[in-house]
Amino acid sequence: MPTLTPESSSAKAPVQADAAGRLAVPAVARAGASLWRDAWRRLLRNRAAVFGAVVIAFLIAICLATPYLAPYSDEEQDFAAQFQPPSAKHLFGTDIKGRDLLTRVMYGGRISLAVGVVATFVSMLIGIAWGSVAGYVGGRTDEVMMRIVDILYSIPFIFFVILLMLYLGRSLVNIFLALGAVQWLTMSRIVRGQILSLKHKEFVEASRALGAGPARVLTSHLIPNLLGPVIVYATLTVPMVMLEEAFLSFLGLGVQAPRTSWGSLAADGAANINPVRIYWWLIVFPGMALAATLFSLNFLGDGLRDALDPQLKDKA
Amino acid sequence: MLTFILRRLLWMIPVLGIIATITFFFVKSVPGGPFDAERRLPPAIERNIRARYKLDDPIAKQYVRYMGNLLRLDLGPSFKYRSRSVNEIIIQAFPVSVTLGVAAMTIALLVGLSAGVVAAVRHNTAIDYAAMAVAMIGVSIPNFVLGPILLILLVFLAGALPVAGWGTPSHVVLPAMALSAPYAAYVARLTRAGMLEVIRKDYIRTAWSKGLDARRVVLGHALKNAILPVISYLGPASAGIVTGSLVVERIFHVPGIGTFFINGALARDYTVVMGTTLLYSSLLVFLNLVVDIAYAYVDPRIELG
């Protein structure tokens, strides 16, 4: 298929050469380049968002390097050192089995962040597919598909996630699927709205006039152009999903031992607290790790929203 | 208005029907029955129990019977608490959860609205910054972290409140605080933003220039319009309080619906799980309707359609 922009062969020759054979894609990417650069500048001006991004980058770096950084090994138990308060030897103290809490929090963060990212990705895939088909096909199909979304909206999903976990078994993959499977509704609405506003634009008409089928128009023209709001909403979905994972793990329905997450660490902490043994570090440190992450992700998400798609502010 | 309410009430019926259906087939397809939890029962006894709960009927027949009973508001017998029906459990536990939820919502609104108004009136002062900093922290601390921390601070260290359980008004305070904190914080932020937007409007200047006192201007004129975002947030907030109570009831050993739902789910007590899920769903669908009506009532520009 020929490319759609007139200056495609002259101005940005290197881009063209890189993506030879997929001519429509560089056209879209280049049209978006100034939008992305603009958004980037706006984002950098937002101090709260930059702060959030730095914290998140720091946490991700720590989580990736955990096997090298962690002061102890994940499963190292020392029953002689049960419930030690924070000290130079154990910065965050130790738990019921004498495991180093700092190490546990680091390993737990890997799981918590992984759940946040992967479940959000699952919800993005479902939401984009559902919303773009509904918006693009339109008519009766759209009506039926969005009515289904309306009905699903009024169902309290946390109950079904709990049932889903019981049904599927409490494995990590199932947490990804169960949380992703209930988070796509808003995403599909956003995507549908974007598709509706894009599908009669000239560049889409042009592509259709040149003989592109619906699948082609969707994948190479519409979806790349609605990524902005999708990225924004996805960034705001990650903390929601992480909170839900923590919630499930807290109830004992999420991440299972020997694996751990911030939610299950908090649950262990809560279970071991009583008036005689005030082991505050067991709840405070995992709780702080989780709160700091949610806090930063929300800042970053709000900043991205203002930078990429100011109109979304009223919708979400 | 009336037709709107009627239409929405009618819309609840298919929604709840779908929820009941999904829950039914979901719970039925969960592997493992309610009776193989403890030691293996002698086959004869197990046969008798299965017969008593009519578990050997074809699934379609069970479904029709369940839906029929549902229409008569009969949720069936509990599997785990053998001598009690789900209705009895709900009648006993529901008031507990409602008390907790209403207390939490009241705290969230009282604290959130007053903090928001004060922060807006004292815009850009230390009070404003302090209130918003606390609100920011409140929004990001999950209630299952806040709960145990409050427990340590207020109960173990200060000794001000009873540890856990239910029965006296002082038992409500701690769980309600843990449950309401994120919502109080968010309401405070919404109120402050709404007030700041409204407070510079012409009609507020008019109110001041009429010589009204500050209380009338702020609470009577400004707050009335600034409160709209708070009201539309009540829907998600009540949903959050309802689901949050699952965890908070567990932390503080409150014998509410959430406790029965979680224990039911863990013990594969089909009927309790289905009954409590349906109760929660109807509650949420109903609360959303109430919020929509309240919204239209406060803002006459909204048309109910």
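Chain letters run A, B, ... following the sequence lines, proteins first, then strands; residues in each count from 1. Given the structure is predicted, the values throughout are model-derived calculations rather than measurements.
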Item to check | pair A:Ile162-B:Val273: side-chain heavy atoms closer than 4.5 Å | outcome: no

Checklist outcome for this item: Residues of residues 292-302 of chain A with a heavy atom under 4.5 Å from any heavy atom of chain B, in residue-number order, are A:Leu294, A:Phe295, A:Phe299

Checklist entry - Side chain, backbone, both or neither: which part of B:Thr276 has an atom under 4.5 Å from a heavy atom of chain A? => result neither

Checklist entry - So what's closer than 4.5 Å to chain B heavy atoms on A:Ile283: side chain, backbone, both or neither? => result both

Checklist entry - What part of A:Leu251 is in contact with chain B, defined as an atom under 4.5 angstrom from a non-hydrogen atom: side chain, backbone, both or neither? => result both

Item to check | Partner chain A: residue of B:Leu284, B:Thr243, B:Val285 with the largest heavy-atom pair count (under 4.5 Å) | outcome: B:Thr243

Next on the checklist: Can you tell me which portion of B:Ala265 sits under 4.5 Å from chain A's heavy atoms? Options are side chain, backbone, both or neither.
Outcome noted: both

Checklist entry - Can you name the residues of residues 138-146 of chain B that have some heavy atom under 4.5 Å away from a heavy atom in chain A? => result B:Ser140, B:Ile141, B:Pro142, B:Phe144, B:Val145

Next on the checklist: Applying side-chain contact (heavy atoms from CB on, under 4.5 Å) to A:Phe250 and B:Ile251, what does each step give before you reach the verdict?
Outcome noted: CA-CA 10 Å; A:Phe250 189 87; B:Ile251 296 174; 3.6 Å; yes

Next on the checklist: With a 4.5 angstrom heavy-atom cut-off, is it the side chain or the backbone of B:Met136 that approaches chain A, or both, or neither?
Outcome noted: both

Next on the checklist: Are the side chains of B:Leu246 and A:Phe247 in contact, using a 4.5 Å heavy-atom criterion?
Outcome noted: yes

Item to check | Other residues, nucleotides, ligands: >12 heavy atoms within 6.0 Å of B:Tyr63 OH | outcome: yes

